[in-house]
2 protein chains.
Amino acid sequence: MRHRDLPPLATIRVFEAAARHLSFTRAADELGMTQAAVSYQIKLLEERLGAPLFLRRTRAVELTATGRLLAPATSEALDQLAAAFSAAKADAGGVLSVSVLPTFAAHWLAPRIGRFQMKHPDIAVRTRATRDVANFSRDDVDVAIRSGLGDWPGLEANPLFPVDFTPMYSPKLVERYGSIERPCDLLRLLLIDPGDRWWKLWFDAMGVPGFEPGGHPDARMGDQHLEARAAIGGYGVAILTPAFYREEIAAGLLVQPFPTASEAGQFYFLAYPTTRRNVPKIRAFRDWFLDELRSGEETCLAPAS
Amino acid sequence: MRHRDLPPLATIRVFEAAARHLSFTRAADELGMTQAAVSYQIKLLEERLGAPLFLRRTRAVELTATGRLLAPATSEALDQLAAAFSAAKADAGGVLSVSVLPTFAAHWLAPRIGRFQMKHPDIAVRTRATRDVANFSRDDVDVAIRSGLGDWPGLEANPLFPVDFTPMYSPKLVERYGSIERPCDLLRLLLIDPGDRWWKLWFDAMGVPGFEPGGHPDARMGDQHLEARAAIGGYGVAILTPAFYREEIAAGLLVQPFPTASEAGQFYFLAYPTTRRNVPKIRAFRDWFLDELRSGEETCLAPAS
DNA sequence: AGCATGCATAAGGAGATTCTATGCATGCGC
DNA sequence: GCGCATGCATAGAATCTCCTTATGCATGCT
């Protein structure tokens with residue numbers, strides 16, 4: 001197993017082709033190089049082996065006994081390698097691993113991913129919903145959907161939409177507590193997770209002074225999704241990204257009374273290593289994703305704005 | 001079979017070692033290169049494949065799913081190659097093909113070759129006795145014994161002994177035709193193959209004038225051996241190389257009455273391609289051969305001179 | 001005889017691969 | 001917690017391999 005004593009593998013590849021064709025010229029042809037290069041490599045191998053592999057007959061070459069011994073085994077070995085790499089390529093191209101924020105996964109990706117599968121039946125998608133920022137060199141991840149500024153070195157980041165947010169609540173809440181006309185009216189209601197910095201940012205953006213976060217600052221529930229559930233249940237007002245709750249809004253489960261605010265520069269991004277931007281499955285996913293996003297803007301964002 | 005699409009084979013070799021060790025550093029060690037080179041080759045292969053093969057964990061590397069798929073197959077293929085080349089090397093080293101002049105084969109090599117086999121039981125000798133000058137690049141020949149000047153480009157030629165010759169006959173001949181004192185006495189007898197140039201050369205060297213070759217000039221029987229048979233049979237006088245007939249002389253079957261002459265510069269040589277002078281079986285044969293020659297000079301050439 | 005075919009060889013250069021010298025991340029020990 | 005050690009990645013420079021072009025040589029065919 002260890003410490004194999006192999007001749008330069010390049011010479012082996014050339015030998016195999018020459019043995020198959022019984023012609024240096026045709027082997028060179030197949031390998032896309034010149035006859036001189038084949039001659040050179042064969043000679044190299046023969047010297048390394050200490051034995052001639054071809055008899056140079058007048059207008060053709062012929063294998064020596066040693067050459068005849070070697071040819072089938074090398075062909076087989078190269079075939080095996082080719083098969084293995086072809087399988088690996090298929091395997092690598094057939095599974096797309098997506099790291100995605102849980103909220104994004106639940107509200108945006110999950111309802112749409114089926115269409116990607118329809119379009120690319122040969123690509124299996126493995127979705128990994130996690131709040132941890134994926135590390136492409138450490139985790140087996142092909143693409144990631146994450147929020148931030150998009151300034152990740154070595155990554156190509158396609159901006160999706162801003163990380164914006166706005167208060168939302170259930171219509172049931174209005175029934176109970178009366179109508180809400182101005183942003184400051186919200187202060188009378190129960191804010192779900194008032195420690196979320198988004199509340200402060202939003203009130204500031206709306207010009208409502210005097211909001212002081214209750215609870216621990218930075219004590220978010222950690223997942224927008226849970227806050228949304230609470231709001232839908234009529235428990236209070238949650239600050240949410242409306243793009244994620246189009247269905248709930250359309251179904252009358254949530255109301256968005258005011259415009260959104262956004263953290264400066266923060267976007268959702270579709271990201272992947274720049275070096276892999278032309279890998280077919282990645283390109284396919286990105287193309288589909290951006291396309292999906294564009295058509296979504298036409299049909300859904302119009303009523304929301 | 002044709003047109004395989006393989007990554008650079010060097011990267012495959014590096015990958016296999018790295019996968020086996022699960023460490024770039026140790027793989028570099030095994031392959032006799034630096035860790036940086038391994039890293040470079042792996043990256044090359046990953047880019048070529050469009051998929052990562054290793055996960056870079058903090059203090060070790062780990063195979064990805066694709067890598068795990070690939071590793072066993074590449075190991076197997078490389079093992080197969082190693083086995084094939086090892087077998088080829090054994091095969092090439094185990095058979096020594098000797099092209100040799102028929103006379104030399106019969107009188108010098110045949111009686112001694114057994115001792116070579118005793119000394120090197122792992123080397124099989126295939127003797128090809130032919131008058132045709134072996135062409136090393138065209139015929140499957142490792143070493144050749146031939147006569148000439150030794151000025152063959154690309155060949156290493158070990159001089160053995162001069163191509164010398166002298167008249168020889170059976171003692172029976174003297175019984176019938178009377179004693180032979182001087183070279184010119186031979187002219188009374190039947191010269192076997194008088195067209196052989198050696199007769200002319202020998203008489204010239206002995207200072208016997210007036211010898212005119214009978215028969216067609218250059219109409220040699222072609223083989224000293226046949227002439228020797230005729231001489232032993234008492235048919236006439238043959239011009240022979242005495243070194244080849246030591247046994248016959250010793251046994252009293254042939255008599256050598258006069259000194260030898262030789263063609264200027266002509267020697268018997270043991271020859272092989274210079275590039276192959278260090279191939280073990282060739283080196284073994286040459287060493288044995290020259291040794292045999294040297295010890296032969298001590299024991300046998302002494303009485304002849 | 002002349003031409004065409006196929007391999008060998010020489011010289012030259014482009015490119016690949018390696019090495020050295022770093023940087024970086026991180027686990028471990030004190 | 002703070003250094004230290006380990007292991008991989010990267011940059012830049014120096015080789016060194018390998019290929020191509022251009023030719024020669026041997027030989028079979030017309």
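Convention: sequence-line order gives letters A, B, ...; per-chain numbering from 1. Note that the structure is predicted; figures quoted are calculated from it, not measured.
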Q: Minimum heavy-atom separation for Ala27(A) and Ala17(A), please, with both atom names.
A: CB-C, 3.8 Å
Q: Figure out the CG/C1' separation between Leu44(B) and dT10(D), and round it to whole Å.
A: 15 Å
Q: Can you tell me how far P of dC18(D) sits from CG of Leu31(A), to the nearest Å?
A: 14 Å
Q: For the pair made of CZ in Arg13(A) and C1' in dC19(D), what is the distance, rounded to whole Å?
A: 14 Å
Q: What pairs of residues pass the ring-ring contact (aromatic ring centres under 6.0 Å, His included) test when at least one of them lies in residues 58-93 of chain B, not counting sequence neighbours?
A: none
Q: Mind listing the N/O atom pairs, protein and nucleotides 15-17 of chain D, below 3.5 Å?
A:
none

Q: Answer yes or no: is there a donor N or O on one side and an acceptor on the other, between the side chain of Lys281(B) and the main chain of Val95(B), under 3.5 Å?
A: yes
Q: Can you confirm whether the side chains of Glu16(A) and Ser75(A) place a donor and an acceptor under 3.5 Å from each other?
A: yes
Q: Answer with base, sugar-phosphate or nothing: what part of the nucleic acid does Ser39(A) contact at a heavy-atom distance below 4.0 Å?
A: base
Q: Identify, with sequence neighbours excluded, every residue that meets side-chain contact (heavy atoms from CB on, under 4.5 Å) alongside Ala65(B).
A: Arg68(B)
Q: Name all residues meeting the side-chain contact (heavy atoms from CB on, under 4.5 Å) criterion together with Ser97(A); count only those two or more places apart in sequence or in a different chain, and write none if there are none.
A: Arg126(A), Arg128(A), Val141(A), Asp142(A)
Q: Can you work out whether Asn135(A) or Ala37(B) has the more 5'-proximal nearest nucleotide on DNA chain C?
A: Ala37(B)
Q: Looking across every strand, which nucleic acid part, if any, lies under 4.0 Å from Ser23(B) by heavy atom: base, sugar-phosphate, or nothing?
A: sugar-phosphate
Q: Quick one: Gln41(B) CD to dA9(D) C1', roughly how many Å, whole number?
A: 15 Å
Q: Just to verify, what does Leu22(B) make a side-chain contact (heavy atoms from CB on, under 4.5 Å) with, not counting sequence neighbours?
A: Leu63(B)
Q: Could you tell me if the side chain of Val143(B) sits less than 4.5 Å from the side chain of Ser99(B), heavy atoms only?
A: no
Q: Which residues in residues 54-70 of chain A have a heavy atom closer than 4.0 Å to any atom of DNA chain C?
A: Arg56(A), Arg59(A), Val61(A)
Q: Can you give me the N/O atom pairs linking the protein to nucleotides 11-14 of chain D at distances under 3.5 Å, or say none if there are none?
A:
none

Q: With side chains defined as the heavy atoms from C-beta onward, is the minimum distance between Tyr268(A) and Thr241(A) less than 4.5 Å?
A: yes
Q: Is the shortest side-chain heavy-atom distance between Arg283(A) and Arg277(A) below 4.5 Å?
A: no
Q: Which residue, Leu22(B) or Gln35(A), contacts DNA chain D at a nucleotide closer to its 5' end, judged by nearest heavy atom?
A: Leu22(B)
Q: Quick check on the helix from dA1(C)-dT30(D) to dC30(C)-dG1(D): what's the angle between its two end axes, five base pairs per end, to the nearest 10°?
A: 30°
Q: Let me have the donor-acceptor pairs involving side chains of residues 42-55 of chain B, under 3.5 Å, with sequence neighbours excluded, atom names and distances please.
A:
from	atom 1	to	atom 2	distance (Å)
Glu46(B)	OE1	Arg56(B)	NH1	3.3
Glu46(B)	OE1	Arg56(B)	NH2	3.1
Glu46(B)	OE2	Leu53(B)	N	2.7
Glu46(B)	OE2	Phe54(B)	N	3.2
Glu46(B)	OE2	Arg56(B)	NH1	2.9
Arg48(B)	NH2	Asp5(B)	OD1	3.2
Arg48(B)	NH2	Leu6(B)	O	3.1

Q: Taking 5' to 3' order, which nucleotide of DNA chain C is first and which is last to have an atom within less than 4.0 Å of a heavy atom in chain B?
A: dT17(C) to dG27(C)
Q: Partners of Thr66(A) by side-chain hydrogen bond (donor to acceptor under 3.5 Å, both in side chains), sequence neighbours excluded?
A: Asp91(B)
Q: Counting C-beta onward and ignoring hydrogens, is there a side-chain heavy-atom pair between Val163(B) and Trp198(B) closer than 4.5 Å?
A: yes
Q: Can you check whether Val100(A) reaches Thr127(A) side chain to side chain, under 4.5 Å on heavy atoms?
A: yes
Q: Taking side-chain contact (heavy atoms from CB on, under 4.5 Å) as the definition, give me every residue that meets it alongside Ser86(B), ordered by chain and number, with sequence neighbours left out.
A: none
Q: Using the ring of Trp152(B) (Phe, Tyr or Trp, six-membered ring only), decide whether Arg146(B) places NZ or CZ under 6.0 Å from its centre and within 45 degrees of its axis.
A: yes
